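Beneath this line is the structure, given in structure tokens, with notes to follow.
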Protein chains: 2
Amino acid sequence: MSEVAKAAGVSVMTVSNVVNGHRYVSEATRDRVLDAIDRLGYRVNVAARSLRSGSTGVIGLAVPDIEKPYFGQLAALIIDRAGALGYQVVVEQTGATRENELGALAHSRLRRYDGLILSTVRLGDEDADQLRSDLPVVVLGERLTGQGSVDRVAMANVEGAREATHHLIERGCRRVAALGAEPGSRPGAGALRAAGYRQALDEAGLPWRAELQVRCGFSMADGAAAVRVLLASGTPFDGVVCFTDTIAIGALRALADHGLTVPEDVLVAGFDDVEQAAYTVPSLTSVAPGHAEMVDAALRMLTERIAGHRDADAHEEFTGPHRLVVRQSTGGP
Amino acid sequence: MSEVAKAAGVSVMTVSNVVNGHRYVSEATRDRVLDAIDRLGYRVNVAARSLRSGSTGVIGLAVPDIEKPYFGQLAALIIDRAGALGYQVVVEQTGATRENELGALAHSRLRRYDGLILSTVRLGDEDADQLRSDLPVVVLGERLTGQGSVDRVAMANVEGAREATHHLIERGCRRVAALGAEPGSRPGAGALRAAGYRQALDEAGLPWRAELQVRCGFSMADGAAAVRVLLASGTPFDGVVCFTDTIAIGALRALADHGLTVPEDVLVAGFDDVEQAAYTVPSLTSVAPGHAEMVDAALRMLTERIAGHRDADAHEEFTGPHRLVVRQSTGGP
DNA sequence: TTGTATGCGTTATCAC
DNA sequence: GTGATAACGCATACAA
């Protein structure tokens with residue numbers, strides 16, 4: 001920078017002002033400075049700028065696994081929107097372990113990030129105070145605590161699952177299986193969606209049956225395995241509500257392996273409406289959780305907090321606008 | 001840091017030495033320092049450290065679109081492996097535009113990154129000198145220039161497509177369509193895979209037919225559209241080689257829509273072996289390009305260059321070990 | 001409109 | 001083993 005200043009015959013401060021578009025700088029000097037910058041190939045040193053300004057222009061995004069379509073889609077959106085706001089995004093993968101989710105918070109305290117978007121699946125009430133860090137955090141996911149102690153963006157898990165299940169029942173299913181409720185754990189997405197499933201059964205006057213609710217992880221392999229378990233158990237079923245689309249994709253695979261046709265023999269619905277859902281064979285009915293709106297809300301909350309425009313004790317909650325997208329797997333077009 | 005020093009009754013230098021595990025520090029003082037760090041909740045300021053040390057601990061990853069399964073998988077691997085090496089990863093999405101690919105290089109000159117992994121699809125020979133920046137860069141993708149002017153990690157595009165096509169022919173196909181060759185553009189993955197396709201036809205003594213080669217983008221929608229074009233044209237075909245798995249997934253969708261059964265009526269093969277390929281209905285035969293090996297090679301090259309262990313003028317090229325994975329879509333298990 | 005002085009938090013160097 | 005000092009490159013505050 002000082003070299004540029006020398007070359008342009010001005011002080012470093014003027015160079016800084018030109019670079020940042022600050023202050024009143026005469027047209028002539030600005031041109032001279034810009035020319036010198038160009039000639040010398042000068043680039044600002046972001047480390048120095050960060051040190052001085054106290055902010056990094058980087059936000060962290062912690063997700064379980066960016067390879068999963070749902071999180072990939074989310075990350076793509078966040079990176080784009082954040083970029084438009086002048087932020088770069090560092091992606092951390094937590095592998096859905098509590099340890100790594102806390103680790104993301106710890107890293108953030110390294111002041112590497114101006115803020116953190118944490119897609120949490122394992123953090124519970126006992127970790128809530130960890131979130132009350134000095135650093136702006138927005139949690140993407142389920143309710144951690146009864147009271148809002150953190151800005152949070154969620155989706156309509158209960159309602160979405162309820163509608164999907166209701167839809168299957170409406171289409172004639174009487175024995176609807178549910179795939180994905182996590183083993184006895186804290187109330188994560190799986191448990192909430194399971195609650196919605198049960199609500200729909202209740203409303204329709206159908207009995208809830210333990211043998212129709214299969215606990216499994218959220219991967220395609222898990223979904224396929226769950227269906228195999230179900231089939232092996234001999235429990236009859238005519239519909240399957242999957243708590244994620246990846247589970248559903250695995251389920252479709254396993255059903256096909258066993259010679260069952262969707263939707264003729266069994267109806268299938270998923271959750272998340274990943275891009276893929278429109279391209280499975282048959283295409284997959286799914287609950288669209290309002291990704292874009294969620295991302296926008298999360299970034300708005302985060303940037304407002306970074307800018308200090310928010311009360312430290314007032315926390316906001318946003319729930320995405322969900323919508324059931326009916327496709328072939330439940331007899332749609 | 002100075003507060004920690006004061007609290008521990010030592011100098012800041014000693015704190016620094018403790019934090020970095022440097023030098024000889026007596027057991028007693030280290031304990032005292034660590035205790036103070038803990039009590040005061042001190043965290044190093046990475047901005048200051050970067051300013052002082054000249055490195056950021058961050059590498060950039062520029063991909064067309066992280067939402068695409070292939071790149072998502074790649075990113076997940078890179079983030080993991082880079083993390084193990086002590087690097088964080090900033091993901092940039094270029095949207096497969098030349099402008100943004102060059103933009104990633106420009107950003108990197110902001111010295112935000114210690115190095116950059118650039119998954120390039122649009123950069124051509126005329127941009128080669130841009131790559132010869134002061135910053136360590138590894139290109140993931142096709143050959144840019146005749147000579148190696150940059151470290152590069154590629155996959156066996158020609159050979160992989162040749163094997164996939166050969167496999168279809170071996171299974172009895174006589175009219176194999178190819179989906180994905182990009183419109184007349186520079187030699188990217190599409191063109192190379194198209195070359196492999198043609199090689200296999202030649203070797204089998206089958207004629208290459210223009211009407212069987214459909215140019216299209218790499219998305220699921222593109223694949224579906226391409227099949228519709230093919231069917232609408234009335235050109236008979238008994239096999240389809242898709243230049244990416246996403247194209248193949250779209251193709252499966254469109255074939256099903258038209259009442260064609262895979263593999264009974266048509267055989268289908270893809271390229272990339274994304275996780276998804278094992279879960280389509282029918283499951284998808286695909287060319288596995290050796291992702292893990294490619295990622296390891298790229299990170300090795302990059303870290304070596306960052307460490308200065310590489311000759312500025314000697315550039316390395318690595319090609320992943322490919323392998324055809326046969327699944328149901330070509331009559332496999 | 002432009003320049004000067006100062007300090008952000010760290011670490012390398014060298015002296016003790 | 002430990003500490004004092006300088007410097008990394010930039011931007012704020014204020015002076016000119």
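Both backbone and side-chain heavy atoms feed into the values below; hydrogens, waters and symmetry mates do not. All figures in this text were calculated on a predicted structure; none of them were measured in a lab.
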Does B/D272 reach the main-chain N or O of B/V274 with its side chain, forming a donor-acceptor pair under 3.5 Å?
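Answer holds: no.
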
Is there a donor-acceptor pair closer than 3.5 Å between any side-chain N or O of A/D114 and the backbone N or O of A/G57?
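Pair found, side chain donor or acceptor close to backbone of A/G57.
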
What nucleic acid atoms does [X] come within less than 4.0 Å of, heavy atoms only: base, sugar-phosphate, or nothing?
X	value
A/S53	nothing
A/V12	nothing
B/M13	base
A/R30	nothing
B/V19	nothing

DNA chain D: 5'-proximal contact among A/A47 and B/V25 (nearest heavy atom):
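So the residue in question is B/V25.
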
Would you kindly compare A/R43 and B/R32 by the position of their nearest DNA chain D nucleotide and give the one closer to the 5′ end?
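On the 5' side of the pair lies B/R32.
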
Side-chain N or O of [X] closer than 4.0 Å to phosphate OP1/OP2 of [N]:
X	N	result
A/T14	C/dG3	yes
B/N20	C/dT11	yes
B/S16	C/dT11	yes
A/S2	D/dG9	no
A/S50	D/dC10	no

Less than 4.5 Å apart, side chain to side chain, heavy atoms only: is that true for [X] and [Y]?
X	Y	answer
B/L61	B/I59	no
B/V58	B/R112	no
B/E92	A/Q88	yes

Take the C1' atoms of the five end pairs on each side of the helix from C/dT1-D/dA16 to C/dC16-D/dG1, get both axes, and report the angle to 10 degrees.
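Inter-axis angle at the ends, rounded: 30°.
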
Between D/dC10, C/dT4, D/dG1, which one does the side chain of B/S26 approach most closely?
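Taking heavy atoms from C-beta onward, the closest nucleotide is D/dG1.
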
Considering only NZ, NE, NH1 and NH2 on the basic side and carboxylate oxygens on the acidic side, decide whether B/R30 and B/E27 come within less than 4.0 Å.
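Yes.
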
In Å and rounded to the nearest 0.5 Å, what is the CG to CZ distance from A/D296 to A/R81?
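Separation between the atoms: 4.0 Å.
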
Got a donor-acceptor pair under 3.5 Å from the side chain of B/R52 to the base of C/dT11?
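Result: at least one qualifying N/O pair found.
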
If the test is salt bridge (Lys or Arg N to Asp or Glu O under 4.0 Å), which one of B/R152, B/R310, B/R305 qualifies with B/E316?
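Of the listed options, the one satisfying the test is B/R310.
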
Just the rounded figure in Å: distance from [atom2] of [N] to [atom1] of [X].
X	N	atom1	atom2	answer
A/K6	C/dG3	NZ	P	15 Å
A/N17	D/dC14	CG	C1'	13 Å
A/N45	D/dA7	CG	P	17 Å
B/L51	D/dA7	CG	P	14 Å

